[in-house]
Undergrad: 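This structure is in structure tokens; I'll ask about it shortly.
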Amino acid sequence: MQQIFVLVFVNIMETIGAFIPLILILLIIIFFVLIFRSSNKKYKGIELNFENYKNPYSLNKIFKFILYLLLVSQLIFFAAEILYLFTISKTNIDLDRAETIEYFFSIFASPFILVTVVSYIFAAIWIYRVNYNVRCLGATRLVFTPGNSVLWYFIPIANLWKPYQAMKEIFIKSHNLNENVDKTNNAPSYFPLWWFCWIVGSILVQVELRLAVRAQTLDDIIIYTVIGIISSIILLVNWFLFFKIVNQINMMQNFISNRKS
């Protein structure tokens with residue numbers, strides 16, 4: 001990611017920043033609403049039954065399309081980063097090519113951020129839905145409510161492990177409705193890698209942005225570009241692992257739903 005891209009990104013984030021107070025107020029309201037709802041037995045899976053099950057076909061289809069769109073965007077961005085690094089690392093820099101790539105980043109910034117934000121929104125909707133549906137299918141002893149499974153992503157510090165626990169619970173309950181989630185080694189081996197890639201990749205993106213804003217020399221640009229390439233690789237691995245999780249949860253819930261129909 002280059003300085004022009006970073007500047008566009010920062011401008012967008014500054015615009016969003018004007019709405020941060022309102023967003024925080026809304027999050028606080030949502031937090032208390034979810035606490036109230038979590039005390040309701042309905043959201044602990046006691047009153048829910050198969051009649052409450054919501055067919056996820058349309059949501060899953062749209063969500064997968066958005067995930068594929070996100071993958072294509074990430075791959076394009078990754079390829080541009082590699083090309084830019086090769087261009088500025090040469091002894092005799094091709095300034096025309098470098099400027100062309102920088103111009104591409106400036107144009108690509110807005111749609112890339114838009115696709116990323118939309119994918120996060122639909123991921124939250126999907127997480128809420130699969131948590132809700134697994135209760136309708138008969139899962140018991142769940143710790144996380146549908147709302148809390150999403151809310152923990154917005155709580156600082158706790159978002160380092162709580163969303164992982166929530167996703168793990170959904171996965172396990174989708175495969176065995178009455179499985180004890182506290183058991184060890186009860187989730188696929190790639191689960192920790194998925195979450196590791198998400199945390200590390202997200203941190204490296206923040207590091208890259210901070211270094212890019214402060215970059216003064218060509219060496220500075222090369223350093224944050226390399227960090228950007230590493231973060232892109234890690235987030236691409238995260239994408240494939242998350243897509244696998246989504247597919248397996250959808251497959252198992254569809255299987256149980258068809259069996260109960």
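What you see below is based on every heavy atom in this structure, not just the backbone, and it leaves out hydrogens, waters and symmetry mates.
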Undergrad: Can you name the nearest heavy-atom pair linking Val150 to Ala124, along with the distance?
TA: CG2-O, 3.3 Å
Undergrad: Out of curiosity, Asn131 CG to Ile170 CD1, how far, rounded to the nearest 0.5 Å?
TA: 4.5 Å
Undergrad: What is the distance from atom CD1 of Ile256 to atom CE of Met251, rounded to the nearest 0.5 Å?
TA: 10.5 Å
Undergrad: Is the count of non-hydrogen atoms from other residues, nucleotides or ligands lying under 6.0 Å from Phe196 atom CZ greater than 12?
TA: no
Undergrad: Evaluate the side-chain contact (heavy atoms from CB on, under 4.5 Å) criterion for residues Leu59 and Lys54: first the C-alpha distance (whole Å), next the side-chain angles of each, then the deciding distance (0.1 Å), finally the verdict.
TA: CA-CA 10 Å; Leu59 174 60; Lys54 297 181 180 179; over 6 Å; no
Undergrad: Is Glu169 reaching over with its side chain to a backbone N or O of Phe144, donor-acceptor style, under 3.5 angstrom?
TA: yes
Undergrad: Rounded to the nearest 0.5 Å, what's the gap from CD on Glu208 to OG1 on Thr225? Could you check?
TA: 7.0 Å
Undergrad: Would you tell me whether Asn238 and Trp195 have side-chain atoms, one donor and one acceptor, within less than 3.5 Å of each other?
TA: no
Undergrad: Can you check ring-ring contact (aromatic ring centres under 6.0 Å, His included) on Tyr132 and Tyr53, steps first, answer last?
TA: CA-CA 8 Å; Tyr132 174 88; Tyr53 181 81; 8.5 Å; no
Undergrad: Decide whether Lys162 and Asn148 meet the rule of one side-chain donor and one side-chain acceptor closer than 3.5 Å.
TA: no
Undergrad: Transitively linked via ILVMFWY side-chain contacts under 4.5 Å: Tyr153 with Ile157?
TA: yes
Undergrad: Of the non-hydrogen atoms in Gly228 and Ser231, which two are nearest, and what is the gap between them?
TA: O-OG, 2.7 Å
Undergrad: Please examine the side chains of Asn60 and Trp126, heavy atoms only from C-beta on, and report whether any two atoms are closer than 4.5 Å.
TA: yes
Undergrad: Could you tell me the separation between the OG atom of Ser174 and the CD1 atom of Ile245, rounded to the nearest 0.5 Å?
TA: 11.5 Å
Undergrad: Nearest heavy-atom pair of Ile234 and Cys197: which atoms, and what distance?
TA: CG2-O, 3.2 Å
Undergrad: Using a 6.0 Å distance limit plus a 45 degree cone around the ring axis, check whether Lys168 lies over the aromatic ring of Phe191.
TA: no
Undergrad: Judged by atom type as modelled, is there a donor-acceptor pair below 3.5 Å linking the side chain of Tyr128 to the main-chain atoms of Thr145?
TA: no
Undergrad: If you look at every heavy atom in Lys173 and Thr140, which pair is closest and at what distance?
TA: NZ-O, 2.6 Å
Undergrad: Is there side-chain contact between Gln253 and Arg129, with at least one heavy-atom pair below 4.5 Å?
TA: no
Undergrad: Within the structure provided, determine whether Asn52 and Asn49 are in side-chain contact (heavy-atom separation under 4.5 Å).
TA: yes
Undergrad: Do Ser232 and Glu81 make a side-chain contact, defined as non-hydrogen atoms from C-beta onward lying under 4.5 Å apart?
TA: yes
Undergrad: Are the side chains of Tyr84 and Glu102 in contact, using a 4.5 Å heavy-atom criterion?
TA: yes
Undergrad: Sub-3.5 Å donor-acceptor pair from the side chain of Trp194 to the main-chain atoms of Trp239, do we have one?
TA: no
Undergrad: Would you check if Val134 and Leu142 make a side-chain contact, meaning some heavy-atom pair closer than 4.5 Å?
TA: yes
Undergrad: Is the backbone of Phe86 close enough, under 3.5 Å, to the side chain of Ser89 for a donor and an acceptor to pair up by distance?
TA: no
Undergrad: Can you tell me if OH on Tyr190 sees more than 12 non-hydrogen neighbours from other groups inside 6.0 Å?
TA: yes
Undergrad: Quick one: do the Asp94 and Thr87 side chains pair a donor with an acceptor below 3.5 Å?
TA: no
Undergrad: Do Phe63 and Tyr57 land in one hydrophobic cluster if side-chain heavy atoms of ILVMFWY residues count as linked below 4.5 Å?
TA: no
Undergrad: Check whether any side-chain heavy atom of Leu211 sits under 4.5 Å from a side-chain heavy atom of Asp220, and report yes or no.
TA: no
Undergrad: Begin with the C-alpha distance, continue with both residues' side-chain angles, and end with the deciding distance and a verdict on side-chain contact (heavy atoms from CB on, under 4.5 Å) for Met167 and Phe242.
TA: CA-CA 10 Å; Met167 183 67 75; Phe242 180 68; 3.9 Å; yes
Undergrad: How close do Ser73 and Phe108 get, heavy atom to heavy atom, and via which atoms?
TA: O-CZ, 3.6 Å
Undergrad: Less than 4.5 Å apart, any side-chain heavy atom of Leu137 and any of Ser257?
TA: yes
Undergrad: How long is the gap from CD1 on Ile66 to CD1 on Ile121, to the nearest 0.5 Å?
TA: 9.0 Å
Undergrad: Please step through side-chain contact (heavy atoms from CB on, under 4.5 Å) for the pair Phe240 and Leu71, ending with a clear verdict.
TA: CA-CA 9 Å; Phe240 284 103; Leu71 175 62; 4.2 Å; yes
Undergrad: Work out which heavy atom in Ser149 is nearest to a heavy atom in Ile127; give both atom names and the distance.
TA: CB-CG2, 3.7 Å
Undergrad: From Asp219 CG over to Ile88 CD1, what is the distance, rounded to the nearest 0.5 angstrom?
TA: 9.5 Å
Undergrad: Please step through side-chain contact (heavy atoms from CB on, under 4.5 Å) for the pair Val237 and Trp198, ending with a clear verdict.
TA: CA-CA 9 Å; Val237 174; Trp198 169 251; over 6 Å; no
Undergrad: Centres of the Phe77 and Phe105 rings: under 6.0 Å?
TA: yes
